[in-house]
Amino acid sequence: MEILITNDDGIYAEGIYALAKALGKAGNVTVVAPDTQRSAVGHAITIADPLRVTPAKHNGKFFGYSASGTPADCVKLGIKSIMKKSPDLVLSGINLGGNLGYNILYSGTVSGATEGALLGIPSIAISLDTFTKPDFSAAAAFAVKLSGLMKKRSLPPGTLLNVNLPNIAASKIKGVRVTNQSRTSFNDWFDKRTDPHGNTYYWMTGDFKTKDADRDSDVNALKAGYISVTPIQFDLTDYKFISELQNWDIKR
Ligand code: MN
């Protein structure tokens, strides 16, 4: 199995290393990831600048390719230029921080997997719902299990899996729920501050709204101690609204 791995936390993040190490037993892993932290870049790609690619080491040993671009750039580069054979699977993660609800629109992690799916490769985004004291072992093990399943099963064209895990010991995880994307998002605001030169600047911050009445949502699965697996797609058309919009006399 040829596996391409990326994530927006950058090639030197702990989570991408944990994922690559675990998947190394399941297949032939190629890591192509941003050279720096690129979280929340969404599906951005680089078109006005060149992409520099350099080998990256981990503990003195070759680990993967560091690229001066976004996760979507890295997946394109990996598939179209770096890998000799097209991958059988694209994995994006393990991200530090959950990718839940509407926040996935901003996610570089999810966009790495989306790019894989756009290019016709079975793709999975995987995130750990914490920003502190991460334990990536359960997520890495689940990624290995899912990759095994991907050999036997197939995803519909244009569909990818968005996986999130609670940051608890593997023994405490209650199981896996197939979920839908929650309709919650960040409640964000801007901290207004003053720099050393007396100029005003703003820093976005916020908290994640975890109140969600929808039992089947990704957010509630995590809250209840389950791994959430949400099938997502990138066709954003609101099919139900098409006929009503036709009646708006919009074409006259
Ligand atoms: Mn990230």
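Along the sequence shown, residues carry numbers from 1. Below, all heavy atoms of this structure are taken into account, side chains as well, without hydrogens, waters or symmetry copies. We count ligands from 1, going down the list as the structure has it; atoms in each ligand are counted the same way.
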**Item:** In the protein, N/O/S atoms that are found under 2.8 Å from the Mn ion (ligand 1), waters not counted
**Value:** D8 OD1, D9 OD1, S39 OG, N95 OD1
**Message:** When you compare the side chains of S127 and N99, does any donor N or O come within less than 3.5 Å of an acceptor on the partner?
**Reply:** yes
**Item:** Pair T230-T179, side-chain donor/acceptor within less than 3.5 Å
**Value:** yes
**Item:** Charged N-O contact under 4.0 Å between D212 and R215
**Value:** no
**Prompt:** Just checking, any donor-acceptor pair under 3.5 angstrom between side chains of N95 and T109?
**Reply:** yes
**Complete:** The complete set of ring pair (Phe, Tyr, Trp, His ring centres under 6.0 Å) pairs with one or both residues in residues 31-79, sequence neighbours excluded, reads Y17-H58, Y17-F63, H58-F63, F62-Y65
**Asked** Any cation-pi pair here, R177 with Y226, using under 6.0 Å and within 45°?
**Response** yes
